[in-house]
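Inspection log for the structure reproduced underneath, given as structure tokens.
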Amino acid sequence: MDRINVVRSSMPPFEEYTEEIRSIWDSRWLTNAGPKHQKLAKELAKRFGVSEVSLFSNGHQALEAVFSIFQEGSEVITTPFTFASTTLAIVRAGLIPVFCDIEAGWYTIDADKIEALITPKTVAIAPVHVYGNLCDWRRIGEIAKKHHLKVIYDAAHAFGVRDRGLDAAQMGDISMLSFHATKVFHTIEGGCLAHNDPELSRLFASWQRFGMRVEDGRAGEQSEIVGTNAKLTEFAAAMGLCNLRHVDEEIALRREAALRYRQRLTGVAGVILCPEQPDITSNYAYMPVCFVPETLGFTRDDVLARLSEKGIFARKYFYPLCSEFPICAAFKKQDTPVAKQISDQVLCLPLYAGLTTDEVDQICDVILSM
Ligand SMILES: *Cc1c(COP(=O)(O)O)cnc(C)c1O
């Protein structure tokens, strides 16, 4: 039997990509905000409904650029139930992560628990649309407004998610989207910041080009801020242009697989699926399932092991909590019991465009026979 991995990168037709990169041979413009980069930024801005899209070499660098705008030593309220990148970007900018618990339904930050964590040092709230589940962004926006805080969304999982007409990329002051190979939409490696502030676009352009001021696409001669190198190459942008043409079909295929999982696993005692969010257009980025050991008599780790014996590779995503990482040992921590419980029980099952009904059935059969 072929192995089934937790994710599989989408690929455009081979000829479509080679056609897209042909002009790079002619121009020899390989990186430094070339024509592909510019075209991709424009198309994404249109799709997201924002005026500015700043592209980066990866999503993590984009997050680092955002957090660099705050004064060192400031506090950022965030979630421990996320990928390492969110926490690392905060810490690497010299900021202090303050971990807020999550809600039990969609595993996103619990808006009811944010205000108690605000101190005079708080500058921002950095929630994550975990698995593409949208945060309670209206409430979070109100809290931020009341306390004069910025809202920086880690929207790495949320490409294509919409709340009625509104794209996930529009929900805070700035949203970061990751275009890593494993994400719903990818540029092999890549990421962006979506926002509406041309002044920030200038800052981010400079930050990713050694802190040199960028004018008419040209970088200056000296570093004016402590920037870095985080440019998206033309080959990556070309992959993005191709994938953008197919991403909606890909999401439709993901949906089929996700719905099959729901048919097979809904209502099984001790197996908890995230309910679908009302009025939200999902991107079916992940298939998180919680396994309740008290009901089942076995644990999430047992499921992971049994699946892997059958050549099926699920992932403990996210375990452990970021707040439990050694790099966070020095930070004061609140109890986040809901996040702890979800992190102990959750397993992301394989989900990607092209995962067949038969394959979903095989996976569910293994789980249901335990
Ligand atoms: C993937 C991911 C990132 C980092 O993005 P890269 O493009 O891989 O650097 C950040 N946060 C979350 C939640 C992610 O899943």
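In each ligand, atom 1 is the first atom listed, and ligand 1 is the first ligand listed.
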Atom indices of ligand 1, in the order listed, that fall short of 4.0 Å to a heavy atom of [X]:
X      : result
Thr82  : 13 (C)
Asn58  : 7 (O), 9 (O)
Tyr317 : 15 (O)
Gly190 : 7 (O)

Exercise. Would Gln61 count as a contact of ligand 1 if the rule is a heavy atom under 4.0 Å away?
Worked result: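 Flag not set, Gln61 not near ligand 1.
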
Problem set entry | Ion pair Lys36/Glu234, N-O distance below 4.0 Å |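 Glu234 and Lys36: not salt-bridged.
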
Problem set entry | Members sharing Trp207's hydrophobic cluster (side chains within less than 4.5 Å) | Phe56, Leu63, Val66, Phe67, Ile69, Phe70, Val76, Ile90, Leu95, Val123, Ile152, Ile174, Met176, Leu193, Leu200, Leu203, Phe204, Ile225

For this session: Assess the side chains of Thr356 and Glu359: does a donor N or O sit below 3.5 Å from an acceptor N or O?
Result: yes

Exercise. Taking the side chain as C-beta and beyond, is there a heavy-atom pair between Arg47 and Val247 under 4.5 Å?
Worked result: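 A side-chain contact under 4.5 Å exists here.
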
Exercise. Linking I/L/V/M/F/W/Y whenever any side-chain heavy atoms sit under 4.5 Å apart, do Leu355 and Val7 land together?
Worked result: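 No, it is not one cluster - the side chains of Leu355 and Val7 are not joined through contacts under 4.5 Å.
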
For [atom], what is the nearest protein heavy atom, given as residue, atom name and distance?
atom                    : answer
atom 9 (O) of ligand 1  : His60 N, 2.8 Å
atom 8 (O) of ligand 1  : His180 CB, 3.7 Å
atom 4 (C) of ligand 1  : Ser85 OG, 3.6 Å
atom 11 (N) of ligand 1 : Asp154 OD2, 2.7 Å
atom 15 (O) of ligand 1 : His157 NE2, 2.8 Å

Exercise. Is it the side chain, the backbone, both or neither of Tyr131 that has a heavy atom closer than 4.0 Å to ligand 1?
Worked result: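 Looking at Tyr131 and ligand 1, no heavy atom falls under 4.0 Å.
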
For this session: Mind telling me whether Tyr153 and His129 have parallel, tilted or perpendicular rings, with 30° and 60° as the class edges?
Result: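 The rings of His129 and Tyr153 lie parallel, inter-plane angle below 30°.
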
Seminar exercise, completed: Checking heavy-atom distances from atom 5 (O) of ligand 1 to each of Ser178, Ala285, Ala62, Ala158, the winner is Ser178

For this session: Counting heavy atoms only, name the option from Glu189, Lys183, His186, His129 that's nearest to atom 14 (C) of ligand 1.
Result: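 The residue whose heavy atom sits nearest atom 14 (C) of ligand 1 is Lys183.
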
For this session: Compute the centroid of each ring, for Phe48 and then for Phe159, and state whether the two points are separated by less than 6.0 Å.
Result: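 Yes; Phe159 has its ring centre under 6.0 Å from that of Phe48.
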
Exercise. What do you reckon, are the aromatic ring centroids of Phe83 and Phe318 less than 6.0 Å apart?
Worked result: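 Here the rings of Phe318 and Phe83 have centres that are no less than 6.0 Å from each other.
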
Exercise. So is there a nitrogen or oxygen of Phe318 less than 3.5 Å from a nitrogen or oxygen in ligand 1?
Worked result: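 Looking only at distances, the answer is no, because the N/O contact criterion of under 3.5 Å is not met.
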
Exercise. Tell me, which pairs form a ring-ring contact (aromatic ring centres under 6.0 Å, His included) where one or both residues lie in residues 211-241, sequence neighbours left out?
Worked result: Trp25-Phe235

